[in-house]
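See structure below.
This one's a predicted model, so the numbers in the text were calculated from it and none came from an experiment.
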Amino acid sequence: MSVNLKSLENQIPVAADSETAPTKRTRYVPLHHRRVLCIFPKYTRSFGTFHHAYPLMGKVRAFMPPQGILLVAAYLPQQWEVRFVDENVRSAKRADYQWADVVIVSGMHIQRSQINQINRLAHAEGKITVVGGPSVSGCPEYYPEFDILHLGELGDATDRMIEYLDRHIELPQQQIRFETKERLPLSEFPIPAYHLLNLDQYFLANIQFSSGCPYRCEFCDIPELYGRNPRMKTPEQVLAELDTMLKCGNPGAVYFVDDNFVGDRRALMKLLPHLIDWQKRNGYPIQFACEATLNLAQSPKLLEMMREAYFCTVFCGIETPEPEALQAISKTHNLSMPILEAVKVLNSYGMEVVSGIIIGFDTDTPETADRILEFIRLSQIPLLTINLLHALPKTPLWRRLEQEGRLVFDENRESNIKFLMPYEQVVEMWRRCITTAYEPEFLYQRFAYNIENTYPNRIKVPNSPARTSWANIRKGLTCMTNILLRVGLFSNYRQTFWEMARPALKAGNIENLIHVGLVGHHLIKFAQECARNEESASFYSQKIRNQVHI
């Protein structure tokens, strides 16, 4: 059972919902000292965790820092002690739970079982528990045993939660829900608590500039969770976060985790000059990457500035090369220009394209796998997140399939969808696509294309102290040594590797060799596991596997 503490709602002044002229929220001043343990749960191994690359990188233990819970950690009262544990780096220990007054957890649907396990461990030590983040905000019913649910984004609910925790740390008799009605404007967000982690333990760093996406792709839950009108941080905030980040470590790349980096192009036009100036002042210490809609290719002014800011990778949700499928899933913005032409335009600005590909749409036919593989060959995209369609709650896809009686909840299946094609045939299409796409020869051919036709289009960055620091040199030597040993001597594709590596070594093209060696190794190893039926066909797979979590 859940209760809403209406009595608290009227005790804390809150801002108006407009972010154009926000009224500063009066922060609650706590009366008591609290020790708060913030935990981010471990991910189950998947394509997107890039776990096969970590042994080649020395200190790396996880993919990206969890922005959401680091933001909450920074927003908590400064008088409180905060301890952060990312269980992708290390597990929370019993001593961590015993130290805490409060345990706060955040995560996504795929981390559901781990989130609930953290709750059980905290309750075993008698600690009050809070869960927030995208999963509980979309599906509160997934977390019936938590003491407090924080639903929605940072805002008035967070303030009410803080006041409650200041006054009560005993376990409540009934579950309590705080739901955000008035979001904190992004322009008032604090800098995430990067000081609580070691950035050198992550594959890459990340940052958020905006929230929300104007499009309504059928399978996506972003518009309902975060809205269709993108909300922004100020350029000054972004630069302050980058400065703080570099003080805590430098993974060499920063990914803008925005739902759609080009959702508000006018705001982006204002940000990019600041990023360019920051890169110049700091000696281009990092590469930038982002997620954007493919129609970015129709904005040459943006692309030129992104090139100057040293954006080297852009993830585009292409999903499928089949126009009828794009029409059916409300992704017609991918049809505003020919997809292959758009990819080439992005390449011409030095940006390697990463593509999302989904199998299992209602429009798929037995020929879909052939069309996807031909698209991969023609586009020369090395990295594609080839994924089986899975219906997420709070999406138009979920509601449509629910009405059609086509949602299936079976832990022996890779997807919760009753496909129009036979289930086994769809899974086999996925397996054929991912194993073929990441055959070493085919993958390295696509990387070779980008080495010759994409990477040379990037700006020539200086050999600045920030780029040639001893820490960066040591990191590069570690990666290079491990790649040459583990891939060049002991991998089962070493002959193919050397056909790529020898010319790169002769040309002194070490940076590209490291990039291809790290990313390619994960893709090849993961695809080989898929061929043995050891990995999931969907990032959100409900299938239970006997495997070790990373």
Side-chain angles (χ1 to χ4, degrees), residues 12-29 65-78 106 132-134 137 150-162 178-195 205-214 222-248 254-279 281 288 290-292 302 305-306 309:
I12 301 176
V14 294
D17 197 34
S18 169
E19 294 201 14
T20 55
T23 302
K24 281 277 188 178
R25 185 179 283 110
T26 302
R27 294 289 303 276
Y28 173 76
V29 179
Q67 280 270 323
I69 198 163
L70 289 173
L71 180 66
V72 171
Y75 190 79
L76 291 172
Q78 293 184 358
S106 177
S137 297
H150 182 293
L151 308 179
E153 296 181 67
L154 203 68
D156 58 325
T158 320
D159 294 327
R160 297 197 304 274
M161 179 194 75
I162 289 171
F178 295 107
E179 184 170 1
T180 297
K181 302 298 183 185
E182 295 168 353
R183 297 176 296 208
L184 185 71
L186 265 69
S187 59
E188 296 180 23
F189 273 27
I191 295 174
Y194 295 120
H195 64 281
N206 53 2
I207 195 168
Q208 181 184 23
F209 169 54
S210 66
S211 180
C213 179
I222 294 299
E224 296 199 29
L225 286 175
Y226 304 115
R228 295 187 63 188
N229 295 318
R231 292 160 287 127
M232 309 290 164
K233 291 179 181 175
T234 66
E236 292 75 17
Q237 281 177 284
V238 173
L239 299 193
E241 285 192 35
L242 291 171
D243 288 335
T244 303
M245 203 181 292
L246 285 186
K247 293 176 183 177
C248 302
V254 172
Y255 186 85
F256 279 84
V257 294
D258 301 29
D259 310 316
N260 181 0
F261 189 57
V262 296
D264 185 328
R265 301 190 183 210
R266 285 181 296 180
L268 183 56
M269 291 283 284
K270 294 178 182 178
L271 171 68
L272 287 170
H274 291 268
L275 291 182
I276 293 168
D277 180 64
W278 184 87
Q279 289 276 42
R281 283 189 286 108
F288 287 127
C290 68
E291 181 171 338
L302 276 180
M305 284 196 289
M306 288 175 69

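- Thr158 is not listed as a side-chain neighbour of Tyr28, based on a closest heavy-atom distance of 4.5 Å or more.
- No side-chain donor-acceptor contact under 3.5 Å links Gln279 to the backbone of Ile276.
- The local environment of CD in Glu236 is crowded, with over 12 non-hydrogen atoms from other residues, nucleotides or ligands closer than 6.0 Å.
- Using a 4.5 Å heavy-atom threshold, the side chains of Leu151 and Thr180 count as separate.
- The closest side-chain heavy-atom distance from Val254 to Met245 is below 4.5 Å.
- Aromatic ring pairs are classed by plane angle as parallel below 30°, tilted from 30° to 60° and perpendicular above 60°; the pair Phe209 and Phe261 is perpendicular.
- Among Asp258, Asp264, Leu186, the one residue that satisfies the side-chain contact (heavy atoms from CB on, under 4.5 Å) test with Met232 is Asp264.
- Distance check, rounded to the nearest 0.5 Å: CG of Leu271 to CE of Met305 gives 9.0 Å.
- Using modelled atom types, one side-chain atom of Ser106 and one backbone atom of Gly132 make a donor-acceptor pair closer than 3.5 Å.
- Remark: Ser210 OG to Leu268 CG distance equals 8.5 Å, nearest 0.5 Å.
- Under a 4.0 Å N-O distance rule, the pair Arg281/Asp277 qualifies as a salt bridge.
- Under a 3.5 Å cut-off, the side chain of Asn206 and the backbone N or O of Pro65 do form a donor-acceptor pair.
- Asp156 places a side-chain N or O within 3.5 Å of a backbone atom of Glu182 that can act as its donor or acceptor partner.
- Phe288 and Trp278 have tilted rings, their planes meeting at an angle from 30° to 60° on a 0 to 90° scale.
- Pairing each heavy atom of Leu71 with each of Pro190, the nearest pair is CD1-O, 3.4 Å.
- Listed here is the closest heavy atom pair of Leu302 and Leu272: CD2-CD1, 3.7 Å.
- The environment of CG in Asn229 is sparse: at most 12 heavy-atom neighbours from other residues, nucleotides or ligands sit within 6.0 Å.
- In terms of heavy atoms, Ala74 sits closest to Ala193 at CB-N, 3.9 Å.
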Verdict with supporting geometry, Val257 and Ile207, side-chain contact (heavy atoms from CB on, under 4.5 Å)
CA-CA 6 Å; Val257 294; Ile207 195 168; over 6 Å; no
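- Remark: Pro192 pairs with Gln67, Leu70, Tyr194, Glu241 by the side-chain contact (heavy atoms from CB on, under 4.5 Å) rule, at least two apart or across chains.
- Of all heavy-atom pairs between Asp259 and Glu291, the closest is O-OE2, 3.9 Å.
- Taken from CZ in Arg160 to NZ in Lys181, the straight-line distance is 8.0 Å, to the nearest 0.5 Å.
- A distance of 5.0 Å separates CG of Leu184 from CG of Leu154, quoted to the nearest 0.5 Å.
- For the pair Met306 and Cys290, the minimum side-chain heavy-atom distance is below 4.5 Å.
- Atom CD of Glu188 and atom CZ of Arg27 lie 10.0 Å apart (nearest 0.5 Å).
- Counting only distance, with no hydrogens or angles, the side chain of Lys233 and the backbone of Gln208 share a donor-acceptor pair below 3.5 Å.
- The minimum heavy-atom distance between Gln237 and Phe189, with the atom names listed, is NE2-O, 3.2 Å.
- A salt bridge is defined here as a Lys NZ or Arg NE, NH1 or NH2 lying under 4.0 Å from an Asp or Glu carboxylate O, and Arg231 with Glu153 meets this definition.
- Taking SG of Cys213 as the start and CG of Asn260 as the end, the distance is 4.5 Å to the nearest 0.5 Å.
- Between Pro77 and Ile162 the shortest heavy-atom distance is CG-CG2, 3.6 Å.
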